[in-house]
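First listed ligand is number 1; within each ligand, the first listed atom is number 1. Everything quoted here is computed from the prediction, not taken from an experiment.
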Amino acid sequence: MLDKATQDWKSLAGSLDIEGRAFINGRYQDALGGETRATLSPGDGRRLADVANCGIEDADNAVGIARAAFERGVWSAMAPADRKMVLVRWAELIEDHADEIALLESLDVGKPIADTTAVDVPSAVRTIRWSGEAIDKVYDEIPPTPGNSLALVQRLPLGVVAAIVPWNFPLSTTAWKLAPSLATGNSVILKPASNTPLSALRIAGLASEAGLPDGVLQVLPGPGGSLGRHLALHDDIDGLTFTGSTAIGKQLMQCSGESNLKRTFLELGGKSPNIVFADANLEKAASFAAIAVFYNGGQTCTAGTRLIVEENIRDEFVDMVVAKSRHWMPGDPLDPATAMGPMIDATQLKTVVDYVDIGRKEGASLVAGGKQVLQDSGGCYHEPTIFDGVDNGMRIAKEEIFGPVMSVIGFKNADEAVAIANDSIYGLAGAVWSNDINTAHKVAAAVRVGTMGINNYFGGDITVPFGGFKQSGNGRDKSMHAFDDYTELKTTWIEFD
Ligand code: NAP
């Protein structure tokens, strides 16, 4: 039985007018070849919309339009204070349509409506507003050169930027890419993930409404293997910003080298360590251990999938986390009480099911979950799952599962905890829990990751950079540092007689 709030979201979903056409030159348009692809809701498998399936000719057309807009200077040469006004207005328009966009995101991604309304949409609004408000406060440099000279060091836009984003946080990631790339004056082509194109298409129209000149932003839905790769190899694209898997990230670096050496910035996978010492606030640490891996169904690059626990509290702490995991039993994304939704699709669900099987065969001990559930819904749901007795060499501890699966590993002292944490090809995020300031800081400093929490998990804000060490990527999203990825530094050297 649906409660009233759920019923409201369901009826609103029935009345949504969903845009599936590509956004090119300030207008929604079909793919040039007229092809479409259905986008399905992971919550119940229903068809949400037929979406333009853009190909290579659409990409070439969009690149030409983006290049022409850049050369005309309609945006690239606009005063930063004026670009600011457009971005701030865009953020306001997204906020005005917050419920509609949150609902689209819940339907398309399967994210709980409680999350899309409280996290995804507000975070996108804040990212765009913050980047807009920042851009007319960024000063260029005059370095301390010899007395008979003056050097001007300016930040200039790259030109045409391609952004390729994944399906797990489509709206937030789109905002993390578009806000700084547009704020710095680039023209941009965004390729959303094939599974989740809807929110990016919706906000593109709002950008035009906010005053973004035609041709500055195009959104091209289409297959990564052909359209995405073509963008990565394109000689008239100056910069590529990517969030997605490490495997595809490696290919994109090669594409850059094989083509025009376009600036290529990557935000990739993770297998993040969450280290708990016996002297921590165990109640809070247990809640966050569950949040760290079950939030968004574990389909989070920074998920704290390796819970590394001091041996003398291990049994007690694992019991606490198992108890917390019950809160994360999956449910209908449109029910405001749902904490965890479905996996994005049947392929991802199968990956999770296969890894649970691998964990069992590797000899880890399954202490919670382990099964697909809610099969009658038509969606792809999996229980929150915990393996204890995991060795860091097992595949479930080394490979990114991208599902609600936690691996618990024990340690005897801080050095061993750090060694386990760092024994990974990834270096995206992590956390340490301890009430001893020395332990907490020493461990936090020694773990090689881009973002480390002390007594929190998923802490962060638009004001701080986000990105990975090692095979979790290069470059940084968010904060003023994101502007570096979308600009070239140009020196003008002047000498006096
Ligand atoms: P993915 O398979 O790498 O796909 C990401 C994007 O790349 C999609 O738009 C995809 O298009 C496109 N793509 C696929 N093959 C391509 C190719 N050969 N050339 C160019 N583009 C291509 O990743 P995903 O499964 O969508 O997302 C999950 C991954 O993203 C995880 O590894 C996760 O850790 C990572 N992630 C990282 C961060 C971070 O900030 N570090 C944040 C979120 C997610 P299609 O959809 O058409 O395949």
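Atom CZ of Arg67 has more than 12 heavy atoms from other residues, nucleotides or ligands within 6.0 Å. Other residues, nucleotides and ligands contribute only 12 or fewer heavy atoms inside 6.0 Å of the NZ atom of Lys398. Enclosure of atom NE2 in His481 is not indicated, since only 12 or fewer non-hydrogen atoms of other residues, nucleotides or ligands lie within 6.0 angstrom.
Considering backbone and side-chain atoms together, Thr246 places no N or O closer than 3.5 Å to any N or O of ligand 1. Ligand 1 has a nitrogen or oxygen under 3.5 angstrom from a nitrogen or oxygen of Ser245. At least one N or O atom of Gly224, backbone or side chain, sits closer than 3.5 Å to an N or O atom of ligand 1. Considering backbone and side-chain N/O of Cys301, none are found under 3.5 Å from N/O of ligand 1. Among the atoms of Pro166, none of the N or O lies under 3.5 angstrom from an N or O of ligand 1. Inclusion of Phe402 in the set of residues having an N or O under 3.5 Å from an N or O of ligand 1 is not warranted. Residue Asp477 places no N or O, backbone or side chain, under 3.5 Å from any N or O of ligand 1.
Nearest-heavy-atom check against atom 30 (O) of ligand 1 across Ala163, Ala247, Gly244 picks out Gly244.
Met406 pairs with exactly one of Val321, Ile401, Thr385 by the side-chain contact (heavy atoms from CB on, under 4.5 Å) rule, that one being Val321.
Listed by atom number, the atoms of ligand 1 under 4.0 Å from Pro223 heavy atoms are 47 (O). Ligand 1 places these atoms under 4.0 Å from at least one heavy atom of Gly269: 32 (O), 34 (O). Residue Ser194 approaches ligand 1 through these ligand atoms, each under 4.0 Å from one of its heavy atoms: 45 (P), 46 (O), 47 (O). Which parts of ligand 1 touch Thr243 is read off a 4.0 Å heavy-atom cut-off, strictly below it: atoms 5 (C), 36 (N), 37 (C), 38 (C), 39 (C), 40 (O), 42 (C), 43 (C), 44 (C). Residue-ligand proximity, Leu252 to ligand 1, at heavy-atom distances under 4.0 Å covers atoms 19 (N), 20 (C). Residue Leu428 has at least one heavy-atom neighbour below 4.0 Å for each of these atoms of ligand 1: 41 (N). Below 4.0 Å from some heavy atom of Gln251 lie the following atoms of ligand 1, by number and element: 18 (N). The distance from ligand 1 to the heavy atoms of Gly222 drops below 4.0 Å at these ligand atoms: 47 (O).
Ring pair Trp176/Phe466: centre-to-centre distance below 6.0 Å.
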> Can you list the steps and then say if Glu133 with Val88 is a side-chain contact (heavy atoms from CB on, under 4.5 Å)?
Replying inline: CA-CA 7 Å; Glu133 284 175 345; Val88 169; 3.8 Å; yes
>> With salt bridge (charged side-chain N to carboxylate O under 4.0 Å, His left out) as the criterion, how do Asp477 and Lys177 come out once you've worked through the C-alpha distance, each side chain's angles and the decisive distance to 0.1 Å?
In response: CA-CA 7 Å; Asp477 284 330; Lys177 305 298 192 194; 3.3 Å; yes
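Of all non-hydrogen atoms in Val63 and Leu231, the two that sit nearest each other are CG2-CD2, 4.4 Å.
Closest protein heavy atom to atom 41 (N) of ligand 1: Leu268 O, 2.7 Å. In this structure, atom 31 (C) of ligand 1 lies nearest to the protein heavy atom Glu400 OE1, 3.4 Å.
Of the possible donor and acceptor atoms, none in the side chain of Lys271 sits under 3.5 Å from a partner among the backbone N and O of Thr302.
Ring orientation note: the planes of Phe294 and Trp328 are tilted relative to one another, at an angle of 30° to 60°.
Distance screen at 4.0 Å: atom 4 (O) of ligand 1 has no protein heavy-atom neighbour inside the cut-off.
Residues Thr241 and Tyr486 bring a donor and an acceptor atom of their side chains to less than 3.5 Å of each other.
Under the 4.0 Å criterion applied to side-chain N and carboxylate O atoms, Arg155 and Glu488 are not assigned as salt-bridge partners.
Within the 4.0 Å heavy-atom cutoff, Trp176 does not count among the residues contacting ligand 1.
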